[in-house]
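Here is the structure we will look at.
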Protein chains: 2
Amino acid sequence: MQAAVLEKAPPNRPTVVLRSVPRSSPQLSRATLACSNCGMRSQCVPSGMRNEDMSEIDQMVTSRRRIRRGEHVYRAGDPFIGIFAFRTGFFKSYAESEDGRTHVTSFEMAGDISGFDGIEDGHYTQNVIALEDGEACTITFAQVDSVSTRVPGLQHYLFRVMSREIVREQGLMMLLGTMRAEARVAHFILDLARRFAARGYSSTEFNLRMTREEIGSYLGLKLETISRLFSRFQDEGLIEVQGRAIKLVDLPALHELAGEHA
Amino acid sequence: MQAAVLEKAPPNRPTVVLRSVPRSSPQLSRATLACSNCGMRSQCVPSGMRNEDMSEIDQMVTSRRRIRRGEHVYRAGDPFIGIFAFRTGFFKSYAESEDGRTHVTSFEMAGDISGFDGIEDGHYTQNVIALEDGEACTITFAQVDSVSTRVPGLQHYLFRVMSREIVREQGLMMLLGTMRAEARVAHFILDLARRFAARGYSSTEFNLRMTREEIGSYLGLKLETISRLFSRFQDEGLIEVQGRAIKLVDLPALHELAGEHA
DNA sequence: CGCCAACTTGATGGCTGTCAAGTCAGGTGG
DNA sequence: CCACCTGACTTGACAGCCATCAAGTTGGCG
C-alpha cells in the first residue's frame, strides 16, 4: 500500500532511500518501534536533540497503528490518550464549529505530530483524518508521565515540539490575517516544497495530496480562488500544474509573492 | 498606579475584592511570590489542578517584574529565559513579518501566560508589550527543569497551559479563516466579556484597553471596519459604545452573530 | 461506457479595503 | 483658562478582491 501510493505519485519518489518497515504486525518489537531506528527521526525530533536522549524517547512509543485513507486518527470529543507521530501517509487536521463551519488547520506528513489539542481538558478538540494510507506511532501520556520523571530530557523534547506547534500556528494566523490570496497560495506552495525537501523528496516537483477545497479551507479561501490562482501562476510562468501535480518553475518570484526575504 | 488605572475605567471595578499586593520591591519573599497566595491563581492554573501541587508550582516563580505602558515584556529575537504570568495590567502580543506586516496574536490580562513561543529555538518569535501598567511573574525555565524532575505534577501543569494556548490559536484560525467581519467583532466582544467575567469584573460593561487598529489587526480587519461595525452594532441596539467604553445590551443577538450555540 | 467527484472558467455582486475629510478627547503650553 | 496639537476615532465615497452562482470539462473508477 505504501509503495502503491508512491507509485501513483511519481515526482515524489524519495531522493533519499528510507529504511523499509514491516507492515502493521500486531505486536512490534521495541527495537522496531524505536525512534532511534526511525528514518523519520530528523523530522519528529527538534534539531539539537542529543543522541543520548534518544533511548529515553524510544521508551515512550508504545504502539504503531495503520490508518487507511478516509479513516480518522481521532475526532473532536474523543478522550485524550496521547499524541501521534506520523511515520508514513498524509493527513489533515480540521476543526468544526457549532454552526457547521469547518476549517483545515494543518496537513501532516511523515515526522509530524498531532494531538496536543487534547491535553488540556482530556478530550481532543480537532479531527485528524488520513488523506492517504499511513502509519502513526502512538505515544500515550501515561507513558510520558512514568518515563519523564526518570528522564529530564524527555519533557524538554515535548516542550519544544509543542512550542514549535504554537509558533507554526502563529505564522498561520499572520497569513490568514494579513496576506492576500495570491500571497497565501504562494506561501502554501513554498511551505509544502520545504517540507518535502526536508524529507528527501523533490522540492520543485511534487503531487498535492489534498483537494482545492481543502487547500482553500486551510488558507481561508474558496476552492475557485485556489483554482484560479493556480491557473494564473501557471500563465505567469511561476509554476506548472496539472491536476494535483505541481512543478515550481520560478522560485524567486514565488518567494517574492509570498513576502519572504527577497 | 494600579488603582489609578481602575479609576480611569469605572465600569471595570472588580466585583470580587482581590488581595492587594506590595509594589515591585527588589526582593520579594517566597510567600509573597507564591502562586498559592495569588488572587489570579484561578486564571493561571487550569481547572482541576490539585491543591497539593500548588506548593510545587510556587517553587517555579522566581521574580516579579513591573512593566509600564509601552514597555516590552520581550521582543522577537530576545533569548528565551522563561515564561511570564501576568498579575496585573493589560498586554498585547504581536508578530512582525520580514516585509513589515504586523499582526496582533493575543491580548493578555491578569492570569494569562506568555512566552511559549521562545522554547523551540531558544529565542522568542513574538513581541509582548504593555498596553497598561502591570506586573509579570517570571518563571525561568532553568527553574522548571530542576523542579519538575522532583515533581511530576509540574510538567502536567505546563503541558496543559501550552495545550490551552494551542487550542486558543486554533479557534482564532477558524475565526480568521471562516468568519465574516461582523461575526469576528461579535466574537471578540463576547470573548473579552467572558474573560472579564472570569476575573470578577462586569461582563456587560467594560473598557477596551486597545485601539481600533489593534482590534483590527487581531481580527484580520482594518480599523475603519471595526469602527463601522461598532457603530452599526450600536444602531441595531446590540451594544452601546462611547470611545473605549462598551456596554453589551443584546447578548443573545451577539451570540447569534458570533455563530455560538443559539 | 457512464457516473461522479474534482476541477476549471466565466459573469456578477458584495464585503471590506482604501482614500479622504472631518470630529473628538486628552494633554501641553502660553 | 483657553488655544492648540496630536492621536484616536468616525463617517462617506469609491474601488477591488474575492465569494458566489453557474456551466462546463476532466479523470478515475465501477
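First the proteins, then the strands, lettered A, B, ... as listed; each starts at 1.
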Distance, rounded to the nearest Å, where B:Ile215 contributes CD1 and D:dC9 contributes C1': 11 Å
Rounded distance (Å) that lies between atom P of D:dT10 and atom CG of B:Leu221: 15 Å
Pair B:Arg180 + B:Glu182: basic N to acidic O under 4.0 Å: yes
Each nucleotide N or O in nucleotides 20-22 of chain C that has a protein N or O under 3.5 Å away: list the pair and distance.
none

Rounded distance (Å) that lies between atom P of D:dC9 and atom CZ of B:Arg232: 20 Å
Check ion pair A:Glu135-A:Arg68 (N to O, under 4.0 angstrom): no
Ring centroid separation B:Phe107 to B:Phe91 under 6.0 Å: no
Parallel, tilted or perpendicular: ring planes of B:Tyr124 versus B:Tyr74, cut at 30 and 60 degrees: parallel
Value rounded to 0.5 Å, distance of CG in A:Asp112 from CZ in A:Arg168: 8.5 Å
Salt-bridge present (A:Arg101, A:Glu96; N to O < 4.0 Å): no
Tabulate protein N/O versus nucleotide N/O from nucleotides 11-15 of chain C, keeping only pairs under 3.5 Å, one per line.
residue, atom, partner, partner atom, Å
C:dA11, N6, A:Arg228, NH2, 3.4

Spacing of B:Glu214 atom CD relative to D:dG7 atom P, expressed in whole Å: 15 Å
Length of the CD-C1' vector between A:Glu182 and D:dC17, whole Å: 10 Å
Side-chain donor-acceptor contact under 3.5 Å, B:His187 with B:Arg184: no
Any side-chain donor near an acceptor of the partner, B:Glu169 and A:Gln170, under 3.5 Å: yes
Rounded distance in Å - CG (B:Leu229) to P (D:dG12): 14 Å
OP1 or OP2 of D:dT11 under 4.0 Å from side-chain N/O of B:Ser231: yes
Under 3.5 Å, which N/O atoms of the protein pair with N/O atoms of nucleotides 3-7 of chain C?
residue, atom, partner, partner atom, Å
C:dC7, OP1, A:Arg244, NE, 3.0
C:dC7, OP2, A:Arg212, N, 2.7

Sugar-phosphate only, base, or nothing, as touched by A:Gly220 at under 4.0 Å among non-hydrogen atoms: sugar-phosphate
Any donor-acceptor N or O pair under 3.5 Å, side chains B:Ser106, B:Glu108: yes
Exam field: side chain B:Arg69 to backbone B:Ile129, donor-acceptor pair closer than 3.5 Å: no
Whole-Å gap separating C1' (C:dT8) and CD1 (A:Ile226): 13 Å
Atom pair distance, as rounded to whole Å: CZ in A:Arg184 and C1' in D:dC18: 10 Å
Any B:Thr211 side-chain heavy atom under 4.5 Å of B:Glu214 side chain: yes
